[in-house]
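Data block below; observations after.
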Amino acid sequence: QVQLVESGGGLVQSGGSLRLSCAASAGSFSNYGLGWFRQAPGKEREFVAAISRSGGGTYYLDSVKGRFTISRDNARNTVYLLMNGLKPEDTAVYFCAADPRGLQVVIDGIGLAAWGQGTQVTVSS
């Protein structure tokens with residue numbers, strides 16, 4: 001089973017940028033659909049972005065479309081989330097997740113095969 005470790009979180013001013021990375025343990029990384037989720041204090045976890053096994057398909061939460069970009073490098077077993085134009089409401093712990101069953105399963109976020117431990121993103125106004 002793949003294991004995931006996120007990095008790249010931090011404190012940034014409103015309008016700034018961050019790039020999150022999620023490195024997977026050795027394995028059949030290219031067989032997994034991948035996603036990013038976030039959870040703000042006092043709120044439920046929500047889907048942010050997902051990418052298909054080949055990288056040819058992506059899907060985003062409406063509020064991040066045009067600001068966030070998900071990508072993957074199957075040779076490096078890594079998935080990225082580039083976040084531009086950050087807003088205070090983007091403040092949350094961001095998690096990556098993986099599942100071999102396809103993009104829609106990842107988007108639904110239920111019963112996924114693997115989750116990372118999370119990385120904190122804080123956007124100051």
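This structure is a prediction, so every number in the text was calculated from the model and none was measured. Because only heavy atoms are used, hydrogens play no part in the values below, and waters and symmetry mates are left out as well, while side chains stay in.
Both Leu18 and Ile51 sit in one connected hydrophobic cluster of ILVMFWY residues. Membership requires side-chain heavy atoms under 4.5 Å apart, directly or through other members.
The backbone N or O of Cys22 lies less than 3.5 Å from no partner atom in the side chain of Glu6, so there is not a single donor-acceptor pair. Looking at Ser52, its side chain does come within 3.5 Å of a backbone N or O of Gly57 through a donor-acceptor pair. Side-chain atoms of Gln39 never come within 3.5 Å of backbone atoms of Tyr94 as a donor-acceptor pair (strictly under, hydrogens ignored).
In this structure, Gln3 places its CD atom where only 12 or fewer heavy-atom neighbours from other residues, nucleotides or ligands lie under 6.0 Å away. Other residues, nucleotides and ligands place no more than 12 heavy atoms under 6.0 Å from the OH atom of Tyr59.
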Which pairs of donor and acceptor atoms, one on a side chain in residues 61-70, lie under 3.5 Å apart (sequence neighbours left out)?
residue : atom : partner : partner atom : Å
Asp62   : OD1  : Lys65   : NZ           : 3.0
Arg67   : NE   : Ser63   : O            : 3.4
Arg67   : NH1  : Gly85   : O            : 2.9
Arg67   : NH1  : Asp90   : OD2          : 2.8
Arg67   : NH2  : Ser63   : O            : 3.0
Arg67   : NH2  : Asp90   : OD1          : 3.1
Arg67   : NH2  : Asp90   : OD2          : 3.4

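Evaluation of the salt bridge (Lys or Arg N to Asp or Glu O under 4.0 Å) rule for Arg53 yields no partner, not counting sequence neighbours. Scored by the side-chain hydrogen bond (donor to acceptor under 3.5 Å, both in side chains) test, Arg45 finds no partners at all (sequence neighbours excluded).
Taking CE of Met83 as the reference point, atom CH2 of Trp36 lies at 8.0 Å (rounded to 0.5 Å). Atom CG of residue Leu34 and atom CG of residue Asn74 lie 7.5 Å apart, to the nearest 0.5 angstrom.
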| query | Given Thr91 and Glu89, is the side-chain hydrogen bond (donor to acceptor under 3.5 Å, both in side chains) satisfied, shown in steps? | reply | CA-CA 5 Å; Thr91 295; Glu89 52 263 43; over 6 Å; no
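Within the structure, salt bridge (charged side-chain N to carboxylate O under 4.0 Å, His left out) pairs that include any residue of residues 7-17 do not occur (at least two apart or interchain). Residue pairs meeting the salt bridge (charged side-chain N to carboxylate O under 4.0 Å, His left out) criterion with at least one partner in residues 76-85, sequence neighbours excluded, are Asp73-Arg76. Sequence neighbours left out, the pairs with a member in residues 94-118 that pass salt bridge (charged side-chain N to carboxylate O under 4.0 Å, His left out) are Asp99-Arg101.
The six-membered or imidazole ring of Trp115 lies near that of Phe37, with a centre-to-centre distance under 6.0 Å.
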